[in-house]
Each structure stands twice: as structure tokens, then as C-alpha cells.
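Quantities reported herein were computed from a predicted structural model and do not represent experimental measurements.
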Amino acid sequence: MFSHQRKKVALLLAIADILLTAIAFEAASNTRTHLPFHFTFFLTNQHRFVLLLFSVLFWLTIGITGKIYERLDSARPSIAIRITLRQCFLGMICVVLFEYLLRYDLSRGFLSLFFVYDFALLLLFRLNSRRIVGAFHREFGTPSHVILVGSP
């Protein structure tokens, strides 16, 4: 694959990570709000925005520094599971540290749900990423022709 096509695919995968992490964050927040635990869970709009923004940035940074987006389209399922688990685990560590530094009092249930939802969504997407990348190349890739010249 050519470098400009690889960059487009990496950008597509990074955007998918951003969207799926945001969806997982909101799903975990809504699920935890409706669960009947002893303590009431709520996030103010300001806290929700800050946590969502930095969660997405943490996941994106981990993906870029780990070069996940460069090799994801050719990864085997076992490798996709391993890198997704590592990214989610490191992302949760960053979220917990960030929450501790800002003195937010987040629920462990919310953090667990966020981890599980994000892992499930990212893994589902990454296991199907070969087909998505293939469709991307068929639809948006330019056809190339190879001509061999020389004696047989």
C-alpha cells in the first residue's frame, strides 16, 4: 500500500477510535446513572465535557504512540485483541490518574463500564477493520497499473 493511502487509512481508524470512545463514555455514563446502586452517580456538564475530551485524547495518544493505526488493517485477530486490551487498559489508567489530579469522585462502576464498553466497541470494529479498509481502497483508491518491461 502506498504511503498516502496508509495515512488515509490511519486517519480513518483514528477517527473511528475517537467516535467509539465517545460512544462508550456516554453509554457508560448513562448506564451507571440508571443502575440502582447505593450512591447516586451524576456528572455535571462541565465535568462530563472535560472527562470526555481528555479520555478521547488519551486513547488517541496511546494509539498514535503505540503505532496501532499503522498496522491495524493487517493485524491478525489475536494481535487486534492484544493491542485493543492494552490501549483500553492504559487509557483507563490515564483516566483514573486524571480524575485523581482533578479531584473528581468517579464511580468505580462507571470506570468499569467505560472500560468494558470501549473494549467491546473497539474490538468489534478492529476485528472487522480488514473489510472496512478493503472497501475503502475499492471505493476511494485510484487504480494502478503495473507494466513489466524486459526480456522474458
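- In this structure a side-chain-to-backbone donor-acceptor pair under 3.5 Å is present from S55 to L51.
- Taking all atoms of both residues into account, the shortest heavy-atom contact from C94 to I62 is SG-CD1, 4.4 Å.
- The backbone N or O of W59 sits less than 3.5 Å from a side-chain atom of Q87, completing a donor-acceptor pair.
- In the hydrophobic clustering of ILVMFWY residues, with side-chain heavy atoms under 4.5 Å counting as a link, V56 and F119 come out together.
- The minimum heavy-atom distance linking T21 with D17 is given by the pair OG1-O, 2.8 Å.
- Closest approach of V95 and F114 over heavy atoms only: CG2-CE2, 4.4 Å.
- Residues A14 and L60 share a closest heavy-atom pair of CB-CD1, 3.7 Å.
- Hydrophobic clustering (side-chain heavy atoms under 4.5 Å, transitive across Ile, Leu, Val, Met, Phe, Trp, Tyr) groups L11 together with L19.
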Check: Can you list the steps and then say if L53 with F58 is a side chain to side chain contact (heavy atoms under 4.5 Å, CB included)?
Finding: CA-CA 9 Å; L53 178 68; F58 292 143; over 6 Å; no

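- Going from atom CE of M92 over to atom CG of D118 covers 8.5 Å, rounded to the nearest 0.5 Å.
- Of the residues I68, L20, L13, the one that meets the side chain to side chain contact (heavy atoms under 4.5 Å, CB included) test with R126 is I68.
- Linking Ile, Leu, Val, Met, Phe, Trp and Tyr residues whenever their side-chain heavy atoms come within less than 4.5 Å places F115 and F54 in a single cluster.
- Across all their heavy atoms, L127 and A80 have their closest contact at CD2-CB, 4.2 Å.
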